[in-house]
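Worksheet: the structure to be examined is printed underneath.
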2 protein chains.
Amino acid sequence: MSINFLKTTGTLGADLRALRKSRGITLIDLSEKMGRSVGWLSQVERDISSPTINELRQIAKEFQVPLSLFFGSSEAKANEVGRIVRKSARRKIGGGAIGLVEELLSPDLTDDFEVLRSVFNPNAKLENFVTRPTQEVGYIVSGNLNLWIEDEMFELESGDSFRIRGEQFKWANPNDKNAIVIWVIAPPIY
Amino acid sequence: MSINFLKTTGTLGADLRALRKSRGITLIDLSEKMGRSVGWLSQVERDISSPTINELRQIAKEFQVPLSLFFGSSEAKANEVGRIVRKSARRKIGGGAIGLVEELLSPDLTDDFEVLRSVFNPNAKLENFVTRPTQEVGYIVSGNLNLWIEDEMFELESGDSFRIRGEQFKWANPNDKNAIVIWVIAPPIY
DNA sequence: ATATGAAATTTTAACACAAAATTTCATATA
DNA sequence: TATATGAAATTTTGTGTTAAAATTTCATAT
């Protein structure tokens, strides 16, 4: 029986690069903000050198993502890295609204889209409209979700799906039970 | 009480164009194959003129998609067109393997990705490997699915997810109950 | 042993031009 | 009288070139 070391999901460098690109930041920009050299950052993103936890924390802060984005709750088997995400090993993506728990179903951040599993807690709601330059499709696995897109409101039930394309939206869970939604976003925002 | 006319989902022109583009076919190519004029086709894709059922059937055949792709099983409300797909109005996407029922969760074919809901019947299996130049992510909603990617086999359970990136794959439902999978494909293949 | 920063390399951006694809519309057709 | 055609007009996409920007490499310093 071995001690559980803190391990990333095995795709750290590629994830960091994808994250940086999705924000339109260059290595030069980031290195200046972090006070590190460009060469070092380049190596980190290619898994040639590995950042300490503190450095990783600094990067996470720079991109406004939770540190948890880089860690699955359990370790992936070697042959599953980049291919399979087990239910027990999904990465938490915090940062969003309260009453909303998001986890990543994609194995890393390098695809042209991202797939999330979102749990909307009972009576949770997003107060203010959000707009993103993305195409998003969601599917209600269970529960109910009220969705406002521009000036329309839709009452969605289990089995319904929706699309948002750069339009402003907000949501509310009108029920006393969780709503579970599979949510696809392109291009990636995390 | 009114008679139910055969109505497309309200996104026919755009869907036809997306479908044609996804196959890398030009209006000229298609018009020659169909024996119709380029101008007319152009107008169909812009909803300026509407094809007859026979013409639509001809197009469907040309693209090797079922005619059902263009019809939801019930009519969408005007303000939901292009935004919401109700559980009862999903479009059937046949053509795949036997023992597999696929429905479209995306409201049309014009996104950078497509979201499907696939039902794998008990003990259904895909005999031969498939390879597509796509990025695909799937999420097991319920049931079990065995998935082969290249030379590895994975036993997936409810809650697990996977990614396939241009790799050859095949699948089998090892159970006596349906497996339900939300499947995302980019770029679109339908 | 690791990080740095300047040099070397690779990638992306910005044009300009040609080719291809699509739209428009006056006319023919049913 | 509405619809389809096909040639002309327009728009979009592709190609090749060069410069700028971004990234990688690697000899040296820490």
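Per chain, numbering begins at 1; letters A, B, ... match sequence-line order.
- Of the candidates D:dA4, C:dT24, D:dT5, D:dA4 carries the atom nearest the B:Ser49 side chain, counting heavy atoms from C-beta on.
- The residues A:Glu157 and B:Lys87 are annotated as not salt-bridged, no charged nitrogen and carboxylate oxygen being separated by less than 4.0 angstrom.
- Nucleotide D:dC26 has C:dG5 as its partner under the Watson-Crick or G-U criteria, with both atom distances under 3.5 Å.
- Of the charged side-chain nitrogens involved, none lies within less than 4.0 Å of a carboxylate oxygen, so that B:Arg91 and B:Glu103 do not count as a salt-bridged pair.
- Between A:Asp29 atom CG and D:dA22 atom P the separation is 7 Å, expressed in whole Å.
- Nearer to the 5' terminus of DNA chain C, by closest-nucleotide assignment, is the contact made by A:Gly39 (compared with the other of A:Gly39 and A:Lys21).
- To the nearest angstrom, C1' of C:dT2 lies 13 Å from CD1 of A:Ile48.
- Checking side-chain atoms of B:Ser31 against main-chain N and O of B:Ser37 turns up no donor-acceptor pair under 3.5 Å.
- Following rounding to the nearest Å, A:Met34 (CE) and C:dT4 (P) show an atom-to-atom distance of 10 Å.
- Checking D:dT24, C:dT22, C:dT4 against every side-chain atom of A:Arg17, the shortest atom distance belongs to D:dT24.
- Dashed line: the shortest gap from a side-chain N or O of A:Ser42 to OP1 or OP2 of D:dT24 is under 4.0 Å.
- Distance from the side chain of B:Thr26 is smallest to C:dT22 among C:dT22, D:dA4, D:dT23.
- Atom pair A:Ile28:CD1 and C:dT11:C1' shows a separation of 13 Å (rounding to whole Å applied).
- The A:Leu27 side chain lies nearest to D:dT24 when the options are D:dT24, C:dT23, C:dA3.
- Atom CZ in A:Arg20 sits about 12 Å away from atom C1' in C:dT11, given to the nearest Å.
- Here D:dT25 is the nucleotide among D:dT25, D:dA4, D:dT23 with the atom lying nearest to any side-chain atom of A:Gln43.
- Within 6.0 Å of the CD atom in B:Glu152, the count of heavy atoms belonging to other residues, nucleotides or ligands exceeds 12.
- Relative to the side chain of A:Arg36, the nucleotides D:dT23, C:dT4, D:dT24 differ in distance, and C:dT4 lies closest.
- Atom pair B:Glu32:CD and D:dT5:C1' shows a separation of 15 Å (rounding to whole Å applied).
- The CZ atom of A:Arg46 sits 12 Å away from the C1' atom of C:dT10 (whole-angstrom rounding).
- In this model, the phosphate group of C:dA3 is approached by a side-chain N or O of A:Trp40 to a distance below 4.0 Å at OP1 or OP2.
- At whole-Å resolution of the value, CG in A:Leu41 and P in C:dT2 are 17 Å apart.
- For C:dA18, the paired base is D:dT13 (Watson-Crick or G-U wobble, both distances below 3.5 Å).
- At most 12 heavy atoms of other shown residues, nucleotides or ligands fall within 6.0 angstrom of atom NZ in B:Lys125.
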